[in-house]
**Q** 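What follows is a single structure, and I will ask about it in a moment.
All figures in this text were calculated on a predicted structure; none of them were measured in a lab. So you know, we letter chains A, B, ... as the sequences are listed, proteins then strands, and number each from 1.
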There are 2 protein chains.
Amino acid sequence: MHEKERHRIILSAVQDRPVATVVELCNLTGASEATIRRDIATLHMQQKLRRVRGGAEAINPPPFVGLAGRTFAVNETMRTSEKQAIARAAVDLCEDGDSIIINGGTTTFQMVHPLATRRCQIFTNSFPIAEHLLKHSKNTIMLSGGTIYREQNIILSPFDNDVTRNFYAKRMFMGAQGLGPLGLMEADPLLIQAEQKLIGQADELVVLADSSKFERRSSLVLCPLNRITTVITDEGISDKAAAMLDAADVTLVVAQPGSGQEEVS
Amino acid sequence: MHEKERHRIILSAVQDRPVATVVELCNLTGASEATIRRDIATLHMQQKLRRVRGGAEAINPPPFVGLAGRTFAVNETMRTSEKQAIARAAVDLCEDGDSIIINGGTTTFQMVHPLATRRCQIFTNSFPIAEHLLKHSKNTIMLSGGTIYREQNIILSPFDNDVTRNFYAKRMFMGAQGLGPLGLMEADPLLIQAEQKLIGQADELVVLADSSKFERRSSLVLCPLNRITTVITDEGISDKAAAMLDAADVTLVVAQPGSGQEEVS
DNA sequence: CCGTTTATGATCATTGGTGATCGTTTATGA
DNA sequence: TCATAAACGATCACCAATGATCATAAACGG
């Protein structure tokens, strides 16, 4: 990865939250801590951001009210490192020019930073994802129409006849409430409906799920395991869960916090 | 391949992305790394680009496009006080609970501030309007689906079958490029299409146009004057323009910069 | 047709960025 | 106040990127 690329990712991440730590930026870029520190020092000299202990912050006082509601903000701070490494591995699957769908969620939101250096066609139902990519990247952004639900920051339409049906993508990326033998689990029936609609528009289905998601069960099954093409998770995945995915012929990618990632099956 | 040809390719690639690596340019041109380096050195001397380790970057600082594109930002500062008074008069037509449509534009954008205290159902095709209302108001926000055009900050869909067709509103608010005897004028055919679609979904049509718009003519007619229910403008409106609106049975509201506004016909 | 010039590609020594290690500094909690 | 852990800065080894040099081929002019 080139220096400028890292710089863009760092600036993107710094805009997103009040302070971005060195470790977070390592996960997002795949670079070492030493390099990130050097980058932060450089950007500090260029007045692009402010250097603080532990990481970096935006040069301008961050707006008081975040777009993300409280729920979103709280979730965002949980298991951040894993989510970032997973998100980076997800973006590594993409190349410039790809058409992809990104379903809203706190894990998939982390994809926006590595995506800052890409130029893809991105369809999403997430307002924050669209907003960030619009501001900090040159990707083409397409948005689904409908009502914006503040709780989840997602745009939902009760109607079947929206633009969603006109966008077809190579890959769709989504998070999950839980992953079990029955398949991909979700909690909210409204979300289920929207996500199923999106899934139908993509060829491959890539699920971003940190390892805790294999322990959680939820009430509603979104789709069976064999519909999933790839699962990206972190090192905490159990052998049992890995075997389950293997049996369903799902490609498993284990994102390493540091740099590379390991494809298992 | 000729030298000039490579130079064009290199400059094109550099404009396109923040940084183009030597290897990338080799693949694009078929030349060797040594040649590409020489080319970059030459172009660097000519100030056509900047030479950096790993490749080359555009000479101008990477235009980190704010959410508001330049066009938008520039327009936004023009005739602001008039626009604000007009926008406030427009919001005064609304009551809590109303369903309204707001077409994107710099004048209509000013409506977001008075709308902060309302609780309406608002359908819009403008990303900045949706963003602001989402962050700073409790209105219910509905968004049209489609591609986000950065220049205008508007969401457009080439398809007819989007959620727009499922939202019906009492009023639609829109700006205008110009207002003449032929009707409401617009410059961009793409916008025309989107706006006509929206107009069909509302009962009343309220046009926000500062008085300079009566002098400007544009190439495309969006709709005839008699389709317009109300025009809100500022004190600068000429008698001739007022008479024209009166003849078309359009209610004219003159927004006073200070507080109240004056209904003329 | 031949000699010269110019552009290109290959080789190799050098430079500069990256990552790892280790000692030092700073923050946090007991 | 002290103890501990995290963060930081400095140093060094490594490797890719670079620049210099030279050989070759194409373009040019006589």
Side-chain angles (χ1 to χ4, degrees), chain A residues 1-11 13-14 17-59 77-85 88-89 91-92 113-114 116-117 234-235 255-262, chain B residues 1-11 13-14 17-59 62:
Chain A
M1 177 171 317
H2 194 269
E3 181 185 2
K4 301 287 172 188
E5 252 180 289
R6 287 197 312 274
H7 287 187
R8 282 185 74 96
I9 293 174
I10 290 172
L11 289 173
V14 164
R17 69 186 65 223
V19 58
T21 72
V22 173
V23 180
E24 280 173 2
L25 296 171
C26 286
N27 291 328
L28 284 172
T29 59
S32 73
E33 294 191 7
T35 301
I36 295 296
R37 281 183 229 285
R38 275 187 282 255
D39 286 337
I40 291 177
T42 304
L43 291 169
H44 178 78
M45 287 303 138
Q46 297 172 359
Q47 306 274 317
K48 301 285 186 59
L49 46 73
R50 194 170 303 132
R51 190 166 182 278
V52 295
R53 186 170 183 85
E57 65 179 8
I59 200 81
T77 58
M78 290 170 53
R79 302 180 74 96
T80 317
S81 294
E82 288 93 342
K83 287 180 177 178
Q84 282 163 346
R88 187 169 56 85
V91 174
D92 281 344
H113 306 304
T117 61
D234 59 73
E235 297 171 305
Q256 311 280 348
S259 52
Q261 48 266 159
E262 181 183 327
Chain B
M1 177 174 310
H2 195 265
E3 182 183 3
K4 302 288 174 190
E5 234 179 308
R6 287 197 313 273
H7 287 190
R8 288 185 70 90
I9 293 175
I10 292 172
L11 288 174
V14 164
R17 69 185 64 231
V19 57
T21 72
V22 173
V23 181
E24 280 171 1
L25 296 171
C26 285
N27 294 331
L28 281 172
T29 59
S32 74
E33 294 191 8
T35 302
I36 295 296
R37 281 182 228 286
R38 275 187 282 257
D39 286 337
I40 291 177
T42 305
L43 292 169
H44 178 78
M45 286 304 134
Q46 297 172 0
Q47 306 274 316
K48 300 285 186 60
L49 47 74
R50 193 171 303 133
R51 190 164 183 280
V52 294
R53 190 166 185 89
E57 66 179 3
I59 197 78

**Q** Over the length of the helix from dC1(C)-dG30(D) to dA30(C)-dT1(D), how much do the five-pair end axes diverge, rounded to 10 degrees?
**A** 40°
**Q** Say whether, by atom type as modelled, one donor and one acceptor occur between the side chain of His7(A) and the main chain of His2(A) under 3.5 angstrom.
**A** no
**Q** For Arg53(B) and dT15(C), what is the distance between atoms CZ and C1' respectively, to the nearest whole Å?
**A**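 That distance rounds to 6 Å.
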**Q** For Arg51(A) and dC8(D), is the shortest distance between a side-chain N/O and OP1 or OP2 below 4.0 Å?
**A**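 False: Arg51(A) side-chain N/O out of range (4.0 Å or more) of dC8(D) OP1/OP2.
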**Q** In whole angstrom, give the distance that lies between atom CD of Glu33(A) and atom P of dA7(D).
**A**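 The distance from CD of Glu33(A) to P of dA7(D) comes to 7 Å, rounded to the nearest Å.
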**Q** So, is Ser32(A) near the phosphate of dT18(C), with a side-chain N or O under 4.0 Å from OP1 or OP2?
**A**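 Checking Ser32(A) against dT18(C): no side-chain N or O falls below 4.0 Å of OP1 or OP2.
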**Q** Hey, does the side chain of Arg6(B) reach the backbone of Ile36(B) with a donor-acceptor pair shorter than 3.5 angstrom?
**A**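 Absent.
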**Q** Return whichever of Arg37(A) or Val22(B) has its heavy-atom-nearest nucleotide of DNA chain D closer to the 5' end.
**A** Arg37(A)
**Q** Starting at atom CZ of Arg38(B), determine the distance to atom C1' of dC22(D), rounded to an integer number of angstrom.
**A**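 Arg38(B) atom CZ is separated from dC22(D) atom C1' by 11 Å.
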**Q** When the distance from CD1 of Ile36(A) to P of dA6(D) is rounded to whole Å, what number comes out?
**A** 19 Å
**Q** Please check the phosphate of dG19(C) (OP1 and OP2 only) for any side-chain N or O of Thr35(A) closer than 4.0 Å.
**A**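 Result: yes.
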**Q** So what does Val52(A) hit on the nucleic acid, given a heavy-atom distance under 4.0 Å: a base, only sugar-phosphate, or nothing?
**A**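 Sugar-phosphate, no base atom in range.
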